[in-house]
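Read through the structure below, which is laid out as structure tokens, and then see the notes.
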Amino acid sequence: MPKIAQVIVDVPAMQTDRPFDYLIPASWEAIIAPGMRVEVPFGSRQIQGFVINIVEKTAFQDQLKAIIGVMDLAPVLSTELLLLSNDMVKQTFAFKISCLQAMLPSMMRAKYEKHLTVIDELTEAEQFELFKGKDSMTWKEAESRNLLPLLAKLKKEDKIEISYEVVNKARVKKIKMVKPLLTFEQMEEEKEACQKRAPKQALVLSFLQSLLIEEKDSSSVALQKEANVTSAVLKQMAKKNWLAFYEKEAYRNPYQDRVFKKTQAMPLTSQQQQVITPILAAVNTSKNETFLLKGVTGSGKTEVYLQTISKVVALGQQAIMLVPEIALTPQMVERFKGRFGEAVAVLHSGLSEGEKYDEWRKIERGEAKIVVGARSAVFAPFQNLGVIIVDEEHESTYKQEDNPRYHARDIAIWRGQYHDCPVILGSATPSLESRARAQKKVYTLLELTERVNQQQLPEVEIIDMKDELKAGNRSSFAMSLQNKIRGRIAKGEQTVLLLNRRGYSSFIMCRDCGFVLGCPNCDISLTLHMDTKTMKCHYCGHEEGIPRECPSCHGHHIRYYGTGTQKVEEELLSVIPEARVIRMDVDTTRKKGAHEKLLAAFEQGEADILLGTQMIAKGLDFPNITLVGVLNADTALGLPDFRAGEKTFQLLTQVSGRPGRGTIKGEVVVQTFNPEHYAIQLAKEHDYDRFYAHEMMLRHRGKYPPYYYTVLITTSHQNEIEAAKKIQKVIEEIKPQLSEQTIILGPTPKSIAKVNNRYYYQCILKYKNEPNLFDILHQIIQSSQGEIAKGLYLSVDPEPLSFM
Ligand code: ADP
Ligand code: ZN
């Protein structure tokens with residue numbers, strides 16, 4: 001009986017979002033298993049797919065096509081991850097293929113190469129001149145040889161066809177190695193013989209002799225460098241059979257040139273001891289329990305993670321340590337590599353595709369026991385997890401914004417249950433959702449209330465910028481902040497200045513007629529970028545020059561509004577010309593490694609001030625920073641987002657944890673137009689508990705999470721009326737099926753209603769208990785699939801983090 005594979009194909013569409021059956025050729029029966037990537041025929045194409053199951057029978061037995069290629073020799077997705085993907089589909093409304101792909105490094109996603117293949121007889125000239133006697137060529141080749149017009153003609157005559165072939169991008173890096181072929185004595189003889197005539201070869205022979213003694217081979221590149229010879233010299237020697245080349249598999253290691261100082265576990269403080277005890281108990285007894293570790297900044301949470309992981313590794317198990325992308329600083333990596341060395345794999349967006357693939361392979365092969373990584377590292381292919389840690393669990397970057405819209409925290413908890421291991425959620429400012437769950441004893445609350453060494457939390461001064469304006473100071477810097485910065489520069493201490501860019505952008509406006517330059521495709525004003533001297537749309541990427549005169553009234557009084565970091569930097573230099581400033585924002589950190597370089601320069605004292613956006617708020621643990629200024633604390637407060645207060649509190653608490661990590665006490669200055677706002681006042685007091693109580697009261701009153709669950713439904717179409725009609729229809733369909741307690745907000749146009757020439761409408765469901773809601777939504781998505789061809793899109797985002 002031939003075996004049949006159920007395959008999820010790489011076509012992210014509703015009609016194809018189900019397994020397809022394929023025959024397994026007899027020769028592969030022993031190899032093919034669930035979780036492997038295969039190549040299958042699909043329509044007229046060949047595409048990649050994932051085997052999810054193997055069965056003996058199918059309803060379509062006779063018409064089955066066979067699998068045509070195997071892309072892996074062993075499953076790349078475990079039974080666990082396949083199971084997880086089922087739940088992800090239910091919870092995120094994404095296609096199964098998108099969920100499976102999200103679990104693997106991008107290098108393992110299929111790439112398709114277009115081919116042109118001869119299917120009918122060509123003239124001899126065509127066959128030889130175009131196809132060089134072969135019967136197919138790649139699209140790329142055709143393009144580069146300028147053959148496409150000629151080939152288009154053949155296509156019309158049905159003499160050739162266009163096909164797609166799967167290319168496995170996942171390439172293993174190979175390095176060229178050298179091994180000596182002579183004995184020590186033979187080399188000695190040859191060395192003497194060629195000393196005069198070919199001194200370089202003689203030198204290489206000496207190095208080969210030492211390799212022989214150490215019983216090692218060398219990479220060709222290293223040998224060339226050491227002996228200071230070219231590859232030609234080695235090739236000559238290979239010809240004489242003195243040495244041989246061979247290829248060896250190697251990892252692309254982003255950290256290979258770095259030396260990490262070995263660190264030891266520190267004796268824990270009594271608070272640390274108290275929180276680690278129940279965690280280790282869960283580790284030791286393989287008990288699934290979720291801990292919420294709430295610890296003020298600098299309270300030694302990371303040391304608790306390190307010692308927990310140490311125990312897990314000693315038990316022969318593995319650990320996942322998640323950190324938000326922007327907190328994955330070189331310092332963070334250093335702490336883990338310093339403690340665990342080679343056992344640590346690191347995964348973050350700064351790595352090349354190849355480097356990520358190699359880190360993934362180290363995990364998969366069991367060479368790495370610990371992964372430190374951003375969101376997607378939660379899918380690390382460990383088989384025997386002992387702990388999963390989500391640091392800064394409140395961070396919104398743990399939720400993926402596009403499909404599949406998963407939250408890494410939910411995945412961590414799912415895997416913790418599967419592996420019967422503890423999950424630790426750590427934060428100085430836990431999300432309201434997690435804190436509330438701890439209150440209901442769903443999570444176990446553990447607290448670190450003191451900083452290690454009893455260092456005090458810094459003094460926070462709040463400055464009302466309205467008063468500055470009244471006093472005639474129109475700059476972005478309050479007088480007292482300016483003075484404090486000058487004082488720090490005089491003492492050789494460092495300052496961090498943070499510009500809160502959330503909901504903020506710089507734009508231009510005509511002071512004569514009030515015209516604001518907007519994007520032609522989107523319902524949003526263009527943002528000014530001084531480095532490229534252009535106006536850019538942050539939604540669709542549209543770009544144009546900065547107008548010199550008003551496009552509307554042709555006046556010349558154009559004013560630049562907003563405080564982009566570049567403009568703030570200029571202003572800073574005009575008030576404190578002696579300051580040496582490093583600016584860190586999306587523009588200066590776009591290049592790979594730029595982030596690390598700027599931080600290293602700052603750490604080495606090459607600047608007095610680090611000026612930047614949100615990305616500098618975390619992980620900066622330099623003892624010489626004694627002053628932090630937040631230039632505009634309240635830009636987020638005006639946004640139509642019920643989490644605005646929470647986000648502001650988190651940000652201010654985060655930056656307040658920066659200064660004073662050394663021996664000098666730190667200071668924080670917060671500039672704001674809303675000095676009385678509770679989020680700002682309570683951040684000044686470092687009082688999370690009161691903030692939590694107040695915010696919970698507001699959420700209760702407004703019927704928001706964590707009291708209610710939320711779902712965001714969005715429709716879009718090029719024609720505004722179509723998008724509006726569809727959302728109305730969706731609501732009419734759902735409403736009768738929901739309980740009376742459930743609240744439907746909307747429909748409304750999205751706050752940025754038009755993006756890339758599409759109009760967006762949304763509605764928000766707030767509910768307490770709707771056991772059938774997800775099924776209903778899945779059905780609606782299913783029944784809406786016919787409309788996709790007409791350009792009408794529907795999307796569902798469970799527990800959205802942005803409502804704009
Ligand atoms: P958090 O992660 O809570 O912000 P860290 O783990 O970074 O705190 O700890 C803050 C500082 O205190 C670090 O420099 C760390 O090395 C140090 N530290 C942590 N635990 C101990 C300890 N038990 N003894 C001495 N120093 C410690
Ligand atoms: Zn645009």
Side-chain angles (χ1 to χ4, degrees), residues 260-277 279-280 291-311 319-340 344 370 372-374 387-395 398 424-431 434-435 445-458 494 496 599 603 616-626 628 649-666 668 683 686 688:
F260 296 97
K261 222 172 85 207
K262 195 97 191 84
T263 67
Q264 299 293 330
M266 300 183 214
L268 296 179
T269 64
S270 64
Q271 277 203 335
Q272 283 174 320
Q273 194 60 56
Q274 266 173 30
V275 302
I276 207 171
T277 306
I279 296 174
L280 293 184
F291 297 96
L292 177 62
L293 175 56
K294 174 178 170 289
V296 295
T297 48
S299 60
K301 292 186 290 298
T302 312
E303 186 62 30
V304 170
Y305 304 150
L306 289 167
Q307 297 198 16
T308 302
I309 293 173
S310 180
K311 177 77 206 177
I320 296 178
M321 169 82 206
L322 297 184
V323 273
E325 187 70 56
I326 40 176
L328 234 176
T329 57
Q331 288 172 311
M332 195 66 164
V333 173
E334 202 164 316
R335 288 182 80 172
F336 280 82
K337 291 253 182 192
R339 192 68 58 89
F340 302 111
V344 179
I370 301 152
V372 181
V387 71
I388 307 175
I389 299 165
V390 185
D391 192 29
E392 315 269 12
E393 68 87 31
H394 62 275
E395 273 294 325
Y398 282 127
I424 308 174
L425 310 177
S427 176
T429 52
S431 63
S434 295
R435 182 63 189 77
L445 182 65
L446 303 170
E447 287 194 79
L448 293 171
T449 55
E450 284 163 11
R451 288 183 134 187
V452 176
N453 304 332
Q454 262 70 51
Q455 277 166 348
Q456 277 178 24
L457 284 164
Q494 290 179 302
V496 168
L599 278 183
E603 184 171 18
I616 61 172
K618 294 207 177 60
L620 275 180
D621 199 354
F622 308 148
N624 205 30
I625 302 172
T626 59
V628 170
F649 181 84
Q650 284 163 349
L651 178 70
L652 293 182
T653 305
Q654 199 64 251
V655 293
S656 305
R658 291 309 115 209
R661 291 254 170 161
T663 42
I664 317 162
K665 187 162 184 241
V668 177
H686 305 288
Y688 175 87

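Values below: every heavy atom of this structure, side chains too, minus hydrogens, waters and symmetry copies. Numbers for residues simply follow the sequence, beginning at 1. Values in this document were obtained by computation on a predicted structure and should not be read as measured data. Counting convention: from 1, in listed order, for ligands and their atoms alike.
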Would you mind running through ligand 1 and noting each atom that sits below 4.0 Å from a heavy atom of Val296? 3 (O)
Looking only at distance, does Leu268 have an N or O less than 3.5 Å from an N or O of ligand 1? no
Contacts of Thr302 meeting side chain to side chain donor-acceptor pair (under 3.5 Å) (sequence neighbours excluded), chain-then-number -> none
Please state which option from Arg335, Met332, Lys301 has its nearest heavy atom closest to atom 7 (O) of ligand 1. Arg335
Verify, without hydrogens or angle tests, whether Thr653 (side chain) and Phe649 (backbone) share a donor-acceptor contact under 3.5 angstrom. yes
NZ (Lys261) with more than 12 external heavy atoms under 6.0 Å: no
Below 3.5 angstrom, do we get any N/O pair linking Thr302 and ligand 1? yes
Check for me whether Pro267 has a heavy atom closer than 4.0 Å to any atom of ligand 1. yes
Taking ring pair (Phe, Tyr, Trp, His ring centres under 6.0 Å) as the test, write out the residues that go with Tyr398, two or more places apart. none
Closest heavy-atom approach to atom 16 (O) of ligand 1 among Met266, Gln271, Glu392 is made by Met266
Test Glu303 against every option in Arg335, Gln272, Arg339 by the side chain to side chain donor-acceptor pair (under 3.5 Å) rule and name the one that passes. Arg339
Do Gln307 side-chain atoms and Met266 backbone N/O form a donor-acceptor pair below 3.5 Å? yes
Donor-acceptor pair between Glu392 and Ser427 side chains, under 3.5 angstrom: no
Under 4.0 angstrom from ligand 1, any heavy atom of Arg451? no
When you measure from the heavy atoms of Leu448 to every atom of ligand 1, does any distance fall below 4.0 Å? no
Where ligand 1 meets Glu303 - atom numbers and elements under 4.0 angstrom, heavy-atom basis: 6 (O), 19 (C), 20 (N)
Gly300 N/O under 3.5 Å from ligand 1 N/O: yes
